[in-house]
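All heavy atoms count here, side chains included; hydrogens, waters and symmetry mates do not.
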Amino acid sequence: MDAVTAFPTFVLNNVGWTFNFVFSQALFWGYGFPALNDYGYDDAEKSQSGLGGIPSGPSGSGVAVISTMLMVVGSLAWGSAFLSFKKPSKD
């Protein structure tokens, strides 16, 4: 099967899985990565926001861990579904 024709067919046949993949990527890159990049993942002084909260880290909100786990699981599920996808025959 040609990968160029398989991709659009896969996306159209698996809208739910594709939505989960795209949404998990958006959550990680929109919330998780900026929190990790700005504050790291620890409870040190540099990890505190200007308001005294800890946006990321063991005592924080969990946005980094949860969004990372969502992205990994969403990517693995979508990737494995794509790799095992068989284009429907025209019979």
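When atom types are taken as modelled, the side chain of N14 and the backbone of F10 share a donor-acceptor pair closer than 3.5 angstrom.
Between A35 and V63 the shortest heavy-atom distance is CB-CG1, 3.8 Å. The two residues P34 and G30 have their closest heavy-atom pair at CG-O, 3.6 Å. Taking each heavy atom of G32 and S67 in turn, the nearest pair found is CA-OG, 3.2 Å.
M69 and F33 are assigned to two separate hydrophobic clusters, defined by single-linkage of ILVMFWY side chains at heavy-atom distances under 4.5 Å. Residue V65 is not grouped with residue M71 when hydrophobic side chains (ILVMFWY) are merged at heavy-atom distances under 4.5 angstrom, including chains of intermediate members.
Evaluation of the side-chain hydrogen bond (donor to acceptor under 3.5 Å, both in side chains) rule for W78 yields T18 as partners, not counting sequence neighbours.
The side chain to side chain contact (heavy atoms under 4.5 Å, CB included) test with L70 singles out one residue from I66, T68, V73, and that residue is I66. In summary, of the residues considered (W17, F21, F23), a side chain to side chain contact (heavy atoms under 4.5 Å, CB included) with F19 occurs for F23 alone.
For residues 21-32, the side chain to side chain donor-acceptor pair (under 3.5 Å) pairs, not counting sequence neighbours, are Q25-W29, Q25-S75.
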